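Please read all numbers here as calculations on a predicted model, not as lab measurements.
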Amino acid sequence: MTTLNHLRLPQIDLTSVLAEPNPHIDLRIQAYENSARNFLNAISSYKNRAIATIADRRAAQVAERKRLLERIQSVEAETNQCKVREIELVADLEREKEERKDGELSVAAFRRQLSVLREKATSIDAEIEHYRAIVGNLRRERDTERSTLATHAAQVSVELEACQKHAALFIEGMEGDQLLFRFTHVQQTDPAREFSFVLQVTETGYRVKTSSPALPAMPLLVEALNSSRDVHKFIKSMRAAYQELAAIGG
């Protein structure tokens with residue numbers, strides 16, 4: 001506004017101007033041009049400043065938008081990761097629930113089995129106690145029978161020894177279901193001489209394993225024993241055979 005005030009032209013007296021020999025009106029064009037130039041420069045500076053400000057604001061907005069986009073992308077990525085993690089956690093939770101359910105079922109089954117086993121163990125313990133009582137009774141009965149048998153055996157042993165001496169026959173038990181028979185007083189010239197044989201009882205019958213001295217008629221005697229099953233008669237036949245053998249010098 002100051003420049004415009006300076007450019008205001010004064011009032012012109014046209015009559016006096018025309019009265020001059022060379023009429024001339026000073027329009028102050030140079031000042032106007034300077035003023036116009038300054039005005040245009042001011043407008044250009046303002047425009048440039050406005051453009052720079054707008055560019056700065058636009059750059060700031062672009063940068064802010066970029067930052068916001070990056071932040072949004074980061075948040076979305078974190079959100080997606082959280083969702084994935086949430087899905088994994090839900091799956092883990094479901095799996096743990098299933099495992100827990102299976103574990104509870106297994107524990108319940110094991111508890112039922114344990115209860116059944118305990119009942120069986122109680123029953124078995126009762127049976128064991130019952131059998132122990134039976135075994136104890138049997139042992140007491142066995143001890144009583146052994147005592148009784150020992151008493152009778154002591155008496156029978158004396159009687160058996162007397163009978164063996166009287167019959168001149170001594171019988172001894174051997175391993176493998178075998179009996180050793182020893183005869184004396186078979187040979188009149190040597191009453192102390194022993195004639196013996198070992199009789200074995202097998203699944204198929206009787207057989208003589210050894211004989212001292214050997215008897216030629218042994219197969220026939222054993223065959224007769226297996227046919228009759230009369231051991232007493234066989235013993236008498238063996239003594240008679242030994243006596244015959246001794247009589248002829250065997």
Gap separating the CZ atom of Phe39 from the OH atom of Tyr46, nearest 0.5 angstrom: 12.0 Å
Is there a path from Met238 to Leu179 through hydrophobic residues (I, L, V, M, F, W, Y) whose side chains come within less than 4.5 Å of each other? yes
Which class fits the ring pair Phe197 and Phe181: parallel under 30°, tilted 30 to 60°, perpendicular over 60°? parallel
For the residue pair Ser196 and Leu180, what are the closest heavy atoms and their distance? CB-CD1, 4.2 Å
What residues, two or more places apart in sequence or in another chain, satisfy side chain to side chain contact (heavy atoms under 4.5 Å, CB included) together with Glu141? Leu138
Per-pair distances, 0.1 Å, donor-acceptor, side chain in residues 117-129, under 3.5 Å, sequence neighbours excluded:
unit_1, atom_1, unit_2, atom_2, d
Thr122, OG1, Arg118, O, 2.8
Glu129, OE2, Arg132, NH1, 3.1

Answer yes if Ile235 and Val201 sit in the same cluster of Ile, Leu, Val, Met, Phe, Trp and Tyr residues linked by side chain heavy atoms under 4.5 Å apart, and no otherwise. yes
With a 4.5 Å heavy-atom cut-off, do Arg111 and Val107 have their side chains touching? yes
Got a sec, which residues hit side chain to side chain contact (heavy atoms under 4.5 Å, CB included) with Leu68, two or more places apart in sequence or on another chain? Glu64
Minimum heavy-atom separation for Tyr242 and Ser212, please, with both atom names. OH-N, 4.1 Å
Lys/Arg N to Asp/Glu carboxylate O, Arg140 vs Asp143, below 4.0 Å: no
Provide the closest heavy-atom pair for Gln178 versus Lys209 in the form atom of the first, atom of the second, distance. OE1-CD, 2.6 Å
Please report the interatomic distance CG(Asp56) to CD1(Ile51), rounded to the nearest 0.5 Å. 12.0 Å
Shortest non-hydrogen separation from Thr184 to Ala192 and the atoms involved: CG2-O, 4.4 Å
Do the charged groups of Arg67 and Glu70 touch, with an N to O distance under 4.0 Å? no
I need the Gln200 CD to Thr210 OG1 distance, nearest 0.5 Å. 10.0 Å
Going through the distances and angles, do Lys83 and Glu86 end up as a salt bridge (Lys or Arg N to Asp or Glu O under 4.0 Å)? CA-CA 5 Å; Lys83 289 181 179 179; Glu86 181 182 2; over 6 Å; no
Arg193 to Pro213 - nearest heavy-atom pair and separation: NH2-CG, 4.1 Å
Donor-acceptor pair, distance only, cut-off 3.5 Å: does the side chain of Ser237 make one with the backbone of Lys233? yes
Side-chain polar contacts of residues 215-229 - donor-acceptor pairs under 3.5 angstrom, sequence neighbours left out - could you list them?
unit_1, atom_1, unit_2, atom_2, d
Asn226, OD1, Tyr206, N, 2.6
Asn226, ND2, Tyr206, O, 3.0
Asn226, ND2, Val222, O, 3.3
Ser227, OG, Glu223, O, 2.9
Ser228, OG, Ala224, O, 2.9
Ser228, OG, Asp230, N, 3.3
Arg229, NE, Asn226, O, 3.4

Indicate, with yes or no, if Val198 and Phe170 share a hydrophobic cluster defined by side-chain heavy-atom contacts under 4.5 Å among Ile, Leu, Val, Met, Phe, Trp and Tyr. no
Are more than 12 heavy atoms, taken from residues, nucleotides or ligands other than Arg142, located less than 6.0 Å from that residue's CZ atom? yes
Taking Ile171 as the starting point, is it possible to reach Phe195 by hopping between hydrophobic residues whose side chains are less than 4.5 Å apart? yes
Atom CD1 of Ile72 and atom CZ of Arg65: how far apart are they, to the nearest 0.5 Å? 10.5 Å
Are any of the side-chain heavy atoms of Arg239 and Lys236 separated by less than 4.5 Å? no
Out of curiosity, Ser106 OG to Asp102 CG, how far, rounded to the nearest 0.5 Å? 6.5 Å
Glu20 atom CD, over 12 foreign heavy atoms within 6.0 Å: yes
Who pairs with Arg112 by side chain to side chain donor-acceptor pair (under 3.5 Å), at least two apart in sequence or on another chain? none
Side-chain hydrophobic cluster, 4.5 Å single linkage: members besides Leu89: none
Separation between CZ (Arg100) and CG (Leu93), nearest 0.5 Å, reads 10.0 Å
